[in-house]
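Before any comments, here is the structure.
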Amino acid sequence: MSDTTLTEQEIVRRDNLQKIEEAGINPFPPEAFPPTHFASEIKADFTEEKAEAFKEVRLTGRVMNKRVMGKASFLELQDSSGRIQLYVSRDDIAPGEDKTLYNTVVKKLLDIGDFVGVEGFVFTTRVGETTVHVKNFKFLGKSLRPLPIVKRDEDGNVYDAFTDPELRYRMRYVDLTVNPQFREIFVKRNKLVRTIQSFLDERGIMEVETPILQPIHGGAAARPFATHHNTLDMPLFMRIANELYLKRLIVAGFDGVYEIGKMFRNEGMDRTHNPEFTMMEIYVAYQDYNWMMDMTETLLSEVATAVTGNTTVNYQGTEIDFAGPYARLPILDAIKIHGGVDVSEMDEEGLRVVCKEKGIHPDKTWGYGKLIDELFGELAEAKLIQPTFVTDYPVEMSPLTKKHRTKEGLVERFELFIKGKEVANAYTELNDPIVQRERFEDQLKLAARGDDEAMVLDEDFLRALEYGMPPTTGIGIGIDRLTMLMTDQVSIQEVLFFPQMRKEGE
RNA sequence: GACCUGGUAGCUCAGUUGGCUAGAGCAUCUGACUUUUAAUCCGAGGGUCGUGGGUUCGAGCCCCACCCGGGUCACCA
């Protein structure tokens, strides 16, 4: 996007840029200027007794405030760690006859948002502010647009905050520059992912990458983004899941694999849905869903500890404790306990009656499994606040899951609910290729009945199973939603650097 | 997709029952100031009121359509 008309302030800055060049200064110098110190560490470590250790410091960053006092000025420098005050006096940075560097460059041509590098010593001002006394001042990069100025008083009150969500998400670079508190969310997100990675590394579970462009969008039920490969002249789909590929790797002989990556679903957008989102899937051979529940408890309490310092997280005023063990609640029991109805002996017709009693309007295409899921969603889901494994789902809803070892009509599946939201979905994986084929065929029947979310049959995946897959358990965890929980955010947009937006008007 | 709500200066906002040249703070520009910190003080400039139509003597305000956000619901098993 290019602006045809410049605002008053943009014209001033371009004018300043030109004057800097005319003064013989390169506003975008090529040579390196690596900092020796960061703002926050100086502010944390400096004392007058240790002044000797801070006699020569070099800092870099953006000028975020400028208070000119005549022959001396105070600047606020913001680097990746925080802010620190700079003291710039005329005769220090321009000791000779020529005072241009101070009188013109610092006082007039230096704008808020410009990148500068400084060298000097640290001291404490009269009012007790740790400050860098600048001896050498260098331009590192000019800013041609005015940043929104956010002011804070000594009590921490914020004035004129840059709050418009549209502008914040469209210009995340501006948002994170002037609202550094939001950086913390992304730092925590990174910590969360790194914790998971080292946790799985330690257990010999290998990180892998599988195709994002898939000829068949298998492994989940959702509408895909469709695209086309020109050379092969074939349709391709952005993956909605990677499950079937990771299972092929279990077939191939890896005992444990996982992938953290983007999935793409062509569905609606809201506070908890972005068209592309990050999912982690883990598959471990020779284990079952009970083991996976144990592992999930350990993993999440380690993640919570890494992100917040202990196993508890305050989410929207509720203390969530990630220390295991979590409640394990069969879905039919969840409906009985939280909905007050025992549906364990009911058939499809009985469930339809219960649905209507509970204010749900069952669709004709809904089968037994969908009816159970709707009842659970309506009656129980919102009541599961602390981490809870809901287990043993109807087979219809779980075409990739092994049937339950004792309970007829159910499968060995669990979903983890926290604060009423699904955070993880896991199975004892179905590894019988004949049963798997039947399940796919049932899905085709559902599709024929009008269910446009029914799963697609993948012949190559079935061929892989026919070669033999060991007993395996697998789990999928939504990384964005986990990050939301761990950072106390209600909107997925706050945990994505660049959430999806409609195209900007010209 | 439905409903609710919003879009006014670079940013955050005010703008009365439709009525003088559309306002404020910060930011910007002039000037003063060598320990200030929401710096202060003097003076000044800056607007397609989201876009396009309509009603009216007159529209930021009323009506219609559209664009872009936010919220709720539906959808997302």
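Every value quoted in this text rests on a predicted model; they were computed, and no experiment measured them. Chain letters run A, B, ... following the sequence lines, proteins first and then strands; every chain starts at 1.
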task = Report the residue (Thr124(A) or Val12(A)) whose heavy-atom-nearest nucleotide on RNA chain B is the more 5′ of the two.
result =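 Its nearest nucleotide being more 5', the pick is Val12(A).
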
message = Let me spell it out: for each of Glu166(A) and Asp160(A), pick the nucleotide of RNA chain B with the closest heavy atom. Which residue's pick is nearer the 5' end?
response =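 Going by which nucleotide is closer to the 5' end, it is Asp160(A).
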
Aromatic ring of Phe74(A) stacked on base six-ring of rA39(B), 5.5 Å, 30° =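 Stacking is absent between rA39(B) and Phe74(A), given that the ring centres and planes do not meet under 5.5 Å and under 30°.
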
Is there a donor and acceptor pair closer than 3.5 Å between the side chain of [X] and the base of [N]?
X: Tyr87(A); N: rU36(B); result: no
X: Thr125(A); N: rU36(B); result: yes
X: Arg126(A); N: rU35(B); result: no
X: Glu129(A); N: rU36(B); result: no

task = Kindly give the heavy-atom pair with the smallest separation between Glu243(A) and Leu400(A), and that separation in Å.
result =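 Closest approach of Glu243(A) to Leu400(A), heavy atoms only: OE2-CD1, 3.3 Å.
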
request  = Please report the shortest heavy-atom distance between Ile282(A) and Met292(A), naming the atom on each side.
outcome  =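 That closest heavy-atom pairing would be O-CE, 4.0 Å.
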
Roughly how far apart, to the nearest Å, are [N] and [M] at atom [atom1]?
N: rG7(B); M: rG46(B); atom1: P; result: 25 Å
N: rG52(B); M: rC57(B); atom1: C1'; result: 23 Å
N: rG60(B); M: rG31(B); atom1: P; result: 37 Å
N: rU17(B); M: rC49(B); atom1: P; result: 22 Å
N: rC33(B); M: rG23(B); atom1: P; result: 34 Å
N: rG53(B); M: rC67(B); atom1: C1'; result: 15 Å
N: rG1(B); M: rG58(B); atom1: C1'; result: 40 Å
N: rC26(B); M: rU21(B); atom1: C1'; result: 25 Å

Side-chain H-bond candidate by donor/acceptor type, [X] with [Y], under 3.5 Å:
X: Thr272(A); Y: Asp270(A); answer: yes
X: Thr318(A); Y: Lys419(A); answer: yes
X: Thr131(A); Y: Gln85(A); answer: yes
X: Tyr289(A); Y: Asp392(A); answer: yes
X: Arg239(A); Y: Gln214(A); answer: no

Can you see if the side chain of [X] gets near the phosphate of [N] - specifically, an N or O under 4.0 Å from OP1 or OP2?
X: Arg223(A); N: rC75(B); answer: no
X: Arg502(A); N: rG69(B); answer: yes
X: Arg67(A); N: rA39(B); answer: yes
X: Lys151(A); N: rA27(B); answer: yes

inquiry  = Per the salt bridge (Lys or Arg N to Asp or Glu O under 4.0 Å) rule, what does the pair list look like for residues 102-128 of chain A, sequence neighbours excluded?
reply    =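 Non-adjacent pairs meeting salt bridge (Lys or Arg N to Asp or Glu O under 4.0 Å): Arg58(A)-Glu119(A), Asp111(A)-Lys142(A), Asp114(A)-Lys142(A).
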
Separation of [X] atom [atom1] from [N] atom [atom2], in whole Å?
X: Gln9(A); N: rA9(B); atom1: CD; atom2: P; answer: 13 Å
X: Asn157(A); N: rC26(B); atom1: CG; atom2: P; answer: 17 Å
X: Glu267(A); N: rC75(B); atom1: CD; atom2: P; answer: 12 Å
X: Arg14(A); N: rC29(B); atom1: CZ; atom2: C1'; answer: 18 Å
X: Ile11(A); N: rA9(B); atom1: CD1; atom2: P; answer: 17 Å
X: Gln493(A); N: rC68(B); atom1: CD; atom2: P; answer: 15 Å
X: Leu167(A); N: rC68(B); atom1: CG; atom2: P; answer: 15 Å
X: Glu381(A); N: rA77(B); atom1: CD; atom2: C1'; answer: 11 Å

Return the nearest nucleotide to the side chain of [X]; candidates are [options].
X: Gln85(A); options: rU12(B), rU36(B), rG69(B); result: rU36(B)
X: Pro165(A); options: rA27(B), rG70(B), rA77(B); result: rG70(B)
X: Arg170(A); options: rC68(B), rG46(B), rC75(B); result: rC68(B)
X: Asn65(A); options: rA39(B), rU12(B), rA27(B); result: rA39(B)
X: Ala221(A); options: rG10(B), rC29(B), rA77(B); result: rA77(B)
X: Asp91(A); options: rA38(B), rU34(B), rU12(B); result: rU34(B)
X: Asp164(A); options: rU12(B), rU72(B), rU34(B); result: rU12(B)

Quick one: label [X] by what it contacts on the DNA or RNA (base, sugar-phosphate, nothing), any heavy atom closer than 4.0 Å.
X: Tyr169(A); value: sugar-phosphate
X: Arg90(A); value: nothing
X: Ser398(A); value: nothing
X: Leu147(A); value: nothing

Could you identify the nucleotide paired to [N], looking across every strand shown and requiring Watson-Crick or G-U wobble geometry with both distances under 3.5 Å?
N: rC73(B); answer: rG1(B)
N: rU40(B); answer: rA32(B)
N: rA27(B); answer: none
N: rG6(B); answer: rC68(B)

query = Hey, is Lys402(A) close enough to Glu429(A) for a salt bridge, meaning N to O under 4.0 Å?
reply =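 Looking at Glu429(A) together with Lys402(A), the answer is no, because their closest N to O distance does not fall below 4.0 Å.
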
request  = Could you walk me through whether Phe417(A) and Phe376(A) pass the ring-ring contact (aromatic ring centres under 6.0 Å, His included) test, one step at a time?
outcome  = CA-CA 12 Å; Phe417(A) 285 86; Phe376(A) 171 75; 5.1 Å; yes

Report all interatomic pairs (protein N or O, nucleotide N or O of nucleotides 30-33 of chain B) with separations under 3.5 Å.
from: rG31(B); atom 1: OP2; to: Lys108(A); atom 2: NZ; distance (Å): 2.5
from: rC33(B); atom 1: N3; to: Val68(A); atom 2: O; distance (Å): 3.2

request  = Find the distance between CD (Glu415(A)) and OH (Tyr393(A)) and round it off to the nearest 0.5 Å.
outcome  =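 It is 3.5 Å, given to the nearest 0.5 Å.
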
